Amino acid sequence: MTTESHPGEPAPDRPEGLSITGGVAVGFPASRTGYGQQTYGNTAPGAEGATWLHVRPDGRATVFAGKVEYGQNIRTGLAVEVADELRLPLDRIDVVLGDTDLVPWDMGTFGSQSTARVGVQLRRAAATAREVLLALAADRLDLPAADSAPAEGRIASKSDPGRGIDYADLLAGQSLEQEIDDDVPLLESSAFRVMGTEISERLDAIARVTGAARYSQDIQPDGVLFASVIRPVAYGARARSVDFSVATSLPGVVETVHDGSLIAVIAESDGAADRAAELVDIDWEVPADQRASWELPSVLVESGTEPFVMQESGDLDEGFGAASEVLESTYFIPYIAPMPMEPRAAVARWDDGRLTVWAGTQRPFGIRQELAEAFDIPEAQVRVIAPEIGGGFGAKSPYRPAIEAAKLARAASRPVRVAYTRVDETVWSNFRPAAVIQIKSGFTSDGRLTAWQADAYHSGERVMIGRRGSETPYTAPHVRSTVYRSDSPLPSGSYRSLGAAVNHFAREVHMDEIAAHTGLDPVELRLVNLTEPRFRRALEQTADLFGWGDSATPEGHSTGIALGIDVGSYVATATEVSLQGSDIRVHRVAAALDCGLVVNPEGARNQMEGAIIMGIGGALFEAADFEGGRVLNSGFTRYRVPRITDTPDIQVRFVGDDTTPSTGAGEPGIVPIGAAISNAVFGLTGQRHRELPIQRHL
Amino acid sequence: MVSLRVNGESREASSPGRSLLSYLRFDLGLTGTKYGCGEGLCGACTVLVDGQPLRACMTTVGAVAGGDLQTIEGLATADELHPVQQAFVAEQAMQCGYCIPGFIMGTVGLLNREPHPSPEQIREALAEHVCRCGTYLRIQRAIERAASPESLEEPA
């Protein structure tokens, strides 16, 4: 508890009201995260402090955060955290996100950390503001701190509540600044009035249902031109020659550009640009010997290199020697496409050497840096504004259209819009890495693990992806978990939970195989090998929520369960499936999530449901087919994603402790669902699905 | 020259071959109707023509000449949201929101045809819409709420 009062520093350069400033190195380490030996720190060496919160003399407050909103509802969640700490009604909070000119530097919105890290910083900012307001009121009303309390935007006497003063009146005519007090006491969960409650509204609901919400695809500044970028016909294809002569003759065409690998037509309308682009004559050179999707499993294993041991203990030979049975299985998970509803788009405008780009990216500050480097200008000359974002899921951390639009805008000397088509968004995005995972386990007849060896071959350069979720939570005395880096015929990158859903699929199907071999119930088998209480609780609560083992499962239906950990949160899912003709039908899913303090249960529940439904796609339908450097199933025609008719009933229960700091809720739901479905299908058909997607292998 | 009505206003388009979606979004600035796939498979571009759903990405302005179009921007009155919009707000039936205008227009079209759809009818009618965020359970609840006798109003 700070003993000195902080009435705020006079700051004539600041706007009227109270500005709370602070650094951008935020966060706290989660001791066990499932991140794969790496946790993010939201740090930027040398980044200046920023304004996090502005309490205004009109009675409202503005929150500034470098995070972006792409459906996780953090706009509301962050506002909830501030509303509670500041004791200001939620409907008086405004939130500014993702505009690099206005908000604190941020490493990017991914990894399910907005609530856990920036949320905590904003709570500190709000609590700091609260202390300033208490000190100002004490001074103004001659009201001792011990006798006053904030509520509903007002400091009032506890003993005489009619005696008080509104925040607006306290701040009128003053420009004050206070730095965030890192040690300011935050509200105990028993004192929450907003956090942890069922919030019945979203800050962005009206804009979303009226069409007022503006996404990158919608941005049209005055004078904007439309670009049609001609993408390579295959990965690695190079244009030997480009002939614009016919294209240029079309009405409305303003400019053609051939700048390195960027080939584009710019026109007054999107229609004119697209028509002209079709008439550009290009002689493409396509690299031969590109692999096809059916070769992928052998490519992954044969090219596996740089083994990284994630986990090691004991001696595997001894462990297998002590087993009464040894089981070896291989699992294959193909590439899948993120397919956000909004294909990427960007609009760029140059004003006297200053560059403004509207880009719905998960990393506005990262893109700002890339743009500054690309054009060799200071970052201070670049502004990236993230509008509403139609889905991220990891796919929008890289954001090529931003630089394409900036190059084309410079060439045209007018603002230029670059918009991906659905095919572009499939082919020229990153796929979730594919993997082959080999598991060898040793166990006794009562299901106790004696040895566990996992070798995972994940595609792509970004090895952090494949490492996530590759550590087993089960207590085998002799363990080695190794992750290899393998070649990647398709561009691979981030996806919801990175490699965790992939690694968990293999592990959790394997555990069910052990259950089948030992005759143990799948929940029992897991409990025999789990000591960590939070894992046990997530599993037991899921089984309870689902009604696991009760006799109510209808004829012709089968059940399956799996557990996992991701972004510091413990999760399990149980599912009931049946076969309808040649289709697997998922009837219901129950999931328990321990993510510590749940700040916005409604938002967290929405994210869990969404992650589970997304995971059903990866489990049943989704896979990228490719050959000769071309994706064969781009677009919704041939890449099936879950629809309303595929949706099961979903029950979510939060089982964490609200005194435990918040961990992520956006990604964990997708982690165990694939294995839970495979495990359920085994009971249905007797077929063990170690390869996804299941529908293709029925 | 093509004449049509959009959200109650008379409009003209000089090029009958112009994509209806592009016309709405860029020529009229009505960006609430979205581009999701350009193939008529995701529902994000759904508008109503004479009260019935139409995929704007798959048609031209000329094809709807003389028609009475309604986009998401034309649903609410000056004073209040349409009951379907209200239902989506009440159920918080959204995440990123990109698919939501299409779902709402598709729902209004469904309720114009079938004021009291069963849950199964709702799913079949809206199976043409994709929500990659996976908000389907809430969307289903919102549509059931909008279709319930208490909240039903005259079709638009």
Side-chain angles (χ1 to χ4, degrees), chain A residues 69-73 199-202 204-215 217-220 226 269-271 338-343 388-393 419 421-423 602-603 606-607 609-614 616-617 635-637 641-650, chain B residues 15 17-19 22-23 25-27 29-42 44 71-76 81-82 84-90 92-101 103-104 122-140:
Chain A
E69 171 67 58
Y70 48 82
Q72 338 86 290
N73 202 14
I199 306 295
S200 61
E201 55 195 80
R202 293 176 65 116
D204 49 32
I206 306 292
R208 274 154 166 61
V209 300
T210 58
R214 296 249 158 192
Y215 298 77
Q217 288 258 351
D218 304 330
I219 305 293
Q220 303 164 61
F226 296 80
S269 75
D270 62 323
M339 294 293 234
M341 274 314 290
E342 183 202 13
E388 288 301 320
I389 302 174
F393 317 123
T421 63
R422 172 56 57 190
V423 170
E602 179 65 10
N606 207 354
Q607 284 280 285
E609 292 170 8
I612 287 166
I613 290 168
M614 200 168 205
I616 288 171
F636 291 124
T637 347
V641 295
R643 293 176 179 261
I644 199 169
T645 38
D646 300 310
T647 303
D649 177 62
I650 301 176
Chain B
S15 169
R18 179 101 167 105
S19 153
S22 293
Y23 174 73
R25 287 173 51 73
F26 302 125
D27 301 357
L30 297 171
T31 56
T33 309
K34 302 303 183 195
Y35 171 87
C37 72
E39 301 179 281
L41 287 170
C42 77
T71 71
I72 188 76
E73 291 92 343
L75 270 193
L81 296 176
H82 187 282
V84 173
Q85 289 171 312
Q86 288 175 33
F88 272 70
V89 170
Q92 298 195 61
M94 60 198 77
Q95 292 186 61
C96 83
Y98 198 74
C99 71
I100 294 302
F103 264 106
I104 289 176
I122 290 171
R123 282 191 287 277
E124 281 176 23
L126 279 307
E128 303 172 15
H129 293 254
V130 176
C131 168
R132 190 53 162 160
C133 294
T135 319
Y136 297 120
L137 291 177
R138 284 146 193 267
I139 290 171
Q140 174 96 26

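None of these values were measured; they are calculated from a predicted model. A note on names: the letters A, B, ... follow the listed sequences, proteins ahead of strands, and every chain is numbered from 1.
When the candidates B:C96, B:G32, B:G134 are compared by the number of heavy-atom contacts under 4.5 Å with chain A, B:C96 comes out ahead. Most heavy-atom pairs under 4.5 Å with chain A, from the set B:L126, B:I139, B:L137: that is B:L137. Heavy-atom pairs under 4.5 Å with chain B peak, among A:A419, A:G71, A:G392, at A:G71. Interface check for chain A: of the options B:G29, B:G38, B:A127, B:C42, the most heavy-atom pairs under 4.5 Å are formed by B:A127. Counting heavy-atom pairs under 4.5 Å between each of A:T421, A:D204, A:I206 and chain B puts A:T421 at the top. Chain A forms the most heavy-atom pairs under 4.5 Å with one residue out of B:I100, B:V84, B:V89, and that residue is B:V89. Of the listed residues (B:G17, B:G36, B:S22, B:P101), the one with the most heavy-atom contacts under 4.5 Å to chain A is B:G36.
Both the backbone and the side chain of A:I650 come within contact range of chain B, each with at least one heavy atom under 4.5 Å from a heavy atom of that chain. Heavy atoms closer than 4.5 Å to chain B are found in the backbone of A:Y70, but not in its side chain. With a 4.5 Å cut-off on non-hydrogen atoms, B:L30 does not touch chain A at all.
Checking side-chain atoms of A:N606 against main-chain N and O of B:T135 turns up no donor-acceptor pair under 3.5 Å. At distances below 3.5 Å, at least one donor-acceptor pair connects side-chain atoms of B:Q92 with backbone N or O atoms of A:I199. Side-chain N or O atoms of A:R202 include one that pairs as donor or acceptor with a backbone N or O of B:M94 at under 3.5 Å. In terms of modelled atom types and a separation under 3.5 Å, the side chain of B:R132 and the main chain of A:P338 share a donor-acceptor contact. B:Y136 places a side-chain N or O within donor-acceptor distance of the main-chain N or O of A:P642, the cut-off being under 3.5 Å. A distance-only check finds no donor-acceptor pair linking the side chain of A:R208 to the backbone of B:A93 [under 3.5 Å].
Here the rule is side chain to side chain donor-acceptor pair (under 3.5 Å) with B:Q95, and of A:E69, A:E609, A:Q607 only A:Q607 fits it.
In this structure, A:R422 CZ and B:Y35 OH are separated by 7.5 Å, a value rounded to the nearest 0.5 Å. The distance from the CZ atom of A:R643 to the CG atom of B:L41 is 6.5 Å, given to the nearest 0.5 Å. Put simply, NZ on B:K34 and CE on A:M341 are 11.0 Å apart, with the number rounded to the nearest 0.5 Å. In this structure, B:R123 CZ and A:D646 CG are separated by 11.0 Å, a value rounded to the nearest 0.5 Å. Taken to the nearest 0.5 Å, the CG atom of A:D270 stands 8.0 Å off from the CG atom of B:D27.
Judged as a salt bridge (charged side-chain N to carboxylate O under 4.0 Å, His left out), and not counting sequence neighbours, the contacts of B:R25 are A:D218.
Across B:Y98 and A:G390, no two heavy atoms sit closer than the pair CB-CA, 3.9 Å. For the residue pair A:S269 and B:R18, the shortest heavy atom distance occurs at CB-NH2, 4.4 Å. Minimum interatomic distance between A:Y215 and B:G97 (heavy atoms only, all atoms of both residues): OH-C, 3.2 Å.
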Open item on the list: Determine whether B:H129 and A:I644 satisfy the following criterion, side-chain contact (heavy atoms from CB on, under 4.5 Å), listing intermediate values before the conclusion.
Closed with: CA-CA 8 Å; B:H129 293 254; A:I644 199 169; over 6 Å; no

Open item on the list: Quick one, A:T647 with B:Q140, criterion side-chain contact (heavy atoms from CB on, under 4.5 Å). Give me CA distance, side-chain angles, the key distance, then yes/no.
Closed with: CA-CA 10 Å; A:T647 303; B:Q140 174 96 26; over 6 Å; no

